[in-house]
Amino acid sequence: MKVLMVLTSHDTLGDTGRKTGFWLEELAAPYYIFKDAGAQITLASPKGGQPPLDPVSNAPESQTEDTRRFEADAEATEALAQTRKLSDLDEADYDTVFYPGGHGPLWDLTEDAHSVALIEAFYAAGKPVGLVCHAPGVLRDVKGTDGEPLVRGRKVTGFTNSEEEGVGLTQIVPYLVEDMLRSKGGSFVHGPDWAPFTVQDGQLITGQNPASSAQTATRLIATLGAQNAA
């Protein structure tokens, strides 16, 4: 079982002067769901190398058992320091793809042609695609095999407008994930703010917020297992 995890390379939070990047919990929890299931994991990003970590996600109040395990894991931190470039990757080499969030993806992965092409290729090949929190935003320009937006008519979730308001970044982000998914014809569903919530529509599996990351990864592994058993 080969899993590709795609991280952001973007480190600037608009014009605030603050840093952003990927959210540590959304990498760490799925990483160990995949690793403990026996998967081979490849980490990738648009620029390759060390992707930027959102410093807020590594603050004491944001740390979890999984984030502490990741930071103490020499193999994991070495893989993170040497992410592969998205432009060098081929969907055929992997069984599934997972996108952790953080605010960074809203700026770079949404616009990245290699990311768009990869997701389209995974979906066209019948492979499950998982995204959590802000990462469902990278589906903005992704098309299905019918040429329509991939999310059109499909149940999806992601970081809600009210959660974005809760972190005070509604006026900073380039777009609101919930609004964008709705505008593309997605059937946006969600649970309570900050609570775990994951929705699956066929191969497409999306999680609402950081608390949903492990749940979303678990659903992805289960889907892959069911496909392999069929």
Side-chain angles (χ1 to χ4, degrees), residues 3-8 20 22-31 33-34 54 57 62 64 66 96-107 109-110 115-116 118-120 122-123 127-144 148-170 172-224 226:
V3 177
L4 176 63
M5 299 185 77
V6 180
L7 298 155
T8 182
T20 191
F22 71 90
W23 197 263
L24 185 56
E25 162 71 7
E26 296 170 31
L27 168 64
Y31 181 90
I33 295 289
F34 301 144
D54 187 318
S57 74
S62 299
T64 65
D66 287 318
T96 187
V97 63
F98 185 89
Y99 280 68
H103 284 89
L106 300 184
W107 277 274
L109 287 169
T110 302
S115 175
V116 170
L118 268 175
I119 296 173
E120 290 177 347
F122 272 98
Y123 203 87
K127 298 175 181 180
V129 175
L131 314 96
V132 69
C133 198
H134 286 88
V138 310
L139 297 171
R140 188 188 69 185
D141 297 336
V142 176
K143 301 288 198 299
E148 294 294 323
L150 181 64
V151 302
R152 178 163 293 173
R154 292 186 170 89
K155 286 185 177 179
V156 287
T157 193
F159 208 58
T160 63
N161 290 352
S162 54
E163 285 170 322
E164 199 68 80
E165 185 176 348
V167 297
L169 295 175
T170 300
I172 305 300
V173 292
Y175 63 87
L176 295 172
V177 174
E178 176 180 342
D179 283 355
M180 185 281 295
L181 291 170
R182 290 184 188 277
S183 74
K184 292 292 181 177
S187 176
F188 189 87
V189 292
H190 62 90
D193 285 0
W194 314 114
F197 183 83
T198 300
V199 64
Q200 179 169 2
D201 193 321
Q203 303 157 238
L204 186 61
I205 303 165
T206 49
Q208 180 176 325
N209 47 36
S212 311
S213 56
Q215 188 182 80
T216 306
T218 298
R219 186 79 65 88
L220 191 69
I221 288 291
T223 302
L224 198 55

With Glu164, which residues qualify under side-chain contact (heavy atoms from CB on, under 4.5 Å), at least two apart?
His103, His134, Phe159, Val167, Leu169, Thr170, Val173, Leu176

Asp141: side-chain hydrogen bond (donor to acceptor under 3.5 Å, both in side chains) partners, not counting sequence neighbours:
none

By the side-chain hydrogen bond (donor to acceptor under 3.5 Å, both in side chains) test, which pairs, at least two apart or in different chains, include something from residues 183-192?
none

With sequence neighbours left out, what residues match Arg140 under salt bridge (Lys or Arg N to Asp or Glu O under 4.0 Å)?
Glu111

Which residues share a side-chain contact (heavy atoms from CB on, under 4.5 Å) with Ser57, sequence neighbours left out
Trp23, Leu24, Leu53, Asp54

Would you say that Thr96 contacts Phe34 through its side chain, given a criterion of any heavy-atom pair below 4.5 Å between the two side chains?
no

Check side-chain contact (heavy atoms from CB on, under 4.5 Å) between Asp193 and all other residues, then give those that pass, not counting sequence neighbours.
Thr160, Ser162, Glu163, Gln208

Taken in chain and number order and not counting sequence neighbours, the residues that satisfy side-chain hydrogen bond (donor to acceptor under 3.5 Å, both in side chains) with Ser212 are Asn209

Partners passing side-chain contact (heavy atoms from CB on, under 4.5 Å) against Pro174 (at least two apart in sequence or in another chain)
Leu106, Trp107

Any Pro30 side-chain heavy atom under 4.5 Å of Val132 side chain
no

For Thr198, enumerate each residue passing the side-chain hydrogen bond (donor to acceptor under 3.5 Å, both in side chains) test, keeping only those at least two apart in sequence or located in another chain.
Gln215, Thr216

Quick one: list whatever passes side-chain hydrogen bond (donor to acceptor under 3.5 Å, both in side chains) with Thr8, sequence neighbours left out.
Asp108

Can you list everything that forms a salt bridge (Lys or Arg N to Asp or Glu O under 4.0 Å) with Glu165? Sequence neighbours excluded, please.
none

